[in-house]
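Since the structure comes first, as structure tokens, the remarks are kept for the end.
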Amino acid sequence: MSHYKGIHHITAVAGDPKQNHQFYTQVMGLRLVKKTVNFDDPSVYHLYYGNESGNPGSILTFFPWEHLQDGDPDRGQVVAVSFSIPTGSKTFWLDHLRNHDLDIEEPFSRFGKEIIGLQDPDGLHLELVLDPKANSIEGWSDGPIPEEYAIRGLHGATLAEENYSGAGRLLEEYLGFQLTNQLDNRYLYETEADFGSVIEIIDGFDLNGRPGKGTVHHIAFRVKDEDEQQSLKKKLLNKGYYLTEVKDRDYFKSVYFHEPGGILFEIATDPPGFTRDEELDKLGSSLKLPDWLEHERSVIEKELPTLNS
Ligand code: ZN
């Protein structure tokens with residue numbers, strides 16, 4: 001199972017796309033690595049943010065549905081998204097976030113790592129984790145945050161469950177994670193990967209929320225290619241899960257299913273990646289559409305707001 005590499009990407013719902021873009025590029029210092037539309041609803045953007053190369057495991061994406069209701073944390077939801085930052089970057093980030101007038105939590109420790117908690121403009125809970133692993137990974141040299149402090153990739157995600165064991169077993173038996181620690185009702189699962197290697201599950205989560213802006217839509221896990229995706233799909237089908245057909249997302253191939261607690265999981269291939277249709281130094285610079293939508297480009301472009309103004 002060692003070939004499974006943790007989280008591929010996390011996709012959340014936002015409101016105003018301009019505000020979302022400004023926050024994730026200028027405040028969090030991520031790179032917009034792909035600007036496209038929601039393939040199932042081309043009237044809205046699908047914005048992909050990541051590290052300089054857009055590595056799987058560094059990607060947080062958004063569907064900015066401006067007219068959707070505000071969401072709240074709920075059972076059967078991913079309720080926090082965390083990023084890895086180098087251990088020496090705490091003071092920089094505290095100053096930087098305060099300079100942007102953000103309400104941030106006092107840094108605290110969990111499972112041996114120091115964490116700065118904050119919320120994005122739509123209320124999605126984010127955590128910056130001071131992670132020793134980040135110290136040996138290069139940051140984006142040309143980004144808005146000095147390279148030595150920049151986010152390296154996703155650290156992980158927190159799942160809120162009525163009962164942790166269903167998702168926990170799935171992580172251990174099929175997705176290459178191991179239960180490595182537990183504190184009260186919080187269970188820590190880890191796998192070997194530079195990025196996106198941590199899943200925490202809150203057991204007995206007792207808030208009743210709802211989906212909407214500021215909530216996570218789904219979480220995707222990495223497989224190395226389509227063969228591995230098929231073999232994992234077969235195993236999960238045999239176990240009684242319902243999985244979708246393979247969907248071509250242009251930058252990866254995807255299948256989706258719900259874990260026992262109700263969270264939408266995706267299995268996504270590493271290839272072809274974000275350099276499929278843009279050079280590395282041009283990532284995110286123009287609106288990319290799947291071939292089957294190219295003939296509608298002028299209509300789509302007219303409807304979408306500009307992100308930089
Ligand atoms: Zn996805």
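One-based numbering, in listed order, for ligands and for the atoms of each. On a predicted model such as this, the values are computed, not experimentally measured, just so you know.
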Side-chain donor/acceptor pairs under 3.5 Å, residues 157-169, sequence neighbours excluded:
| from | atom 1 | to | atom 2 | distance (Å) |
| --- | --- | --- | --- | --- |
| Asn163 | OD1 | Ser165 | N | 2.9 |
| Asn163 | OD1 | Ser165 | OG | 2.9 |

Aromatic plane relationship, His217 with Trp65 - under 30° parallel, 30 to 60° tilted, over 60° perpendicular: tilted
Residues Asp277 and Lys288 bridged, charged N to O under 4.0 Å: no
In the protein, N/O/S atoms that are found under 2.8 Å from the Zn ion (ligand 1), waters not counted: His9 NE2, His218 NE2, Glu266 OE1
NZ/NE/NH1/NH2 to OD/OE distance under 4.0 Å, Glu66 and Lys213: no
Test ring pair (Phe, Tyr, Trp, His ring centres under 6.0 Å) applied to Tyr189 - qualifying residues, sequence neighbours left out: none
Residues forming a ring pair (Phe, Tyr, Trp, His ring centres under 6.0 Å) with Phe108, sequence neighbours excluded: none
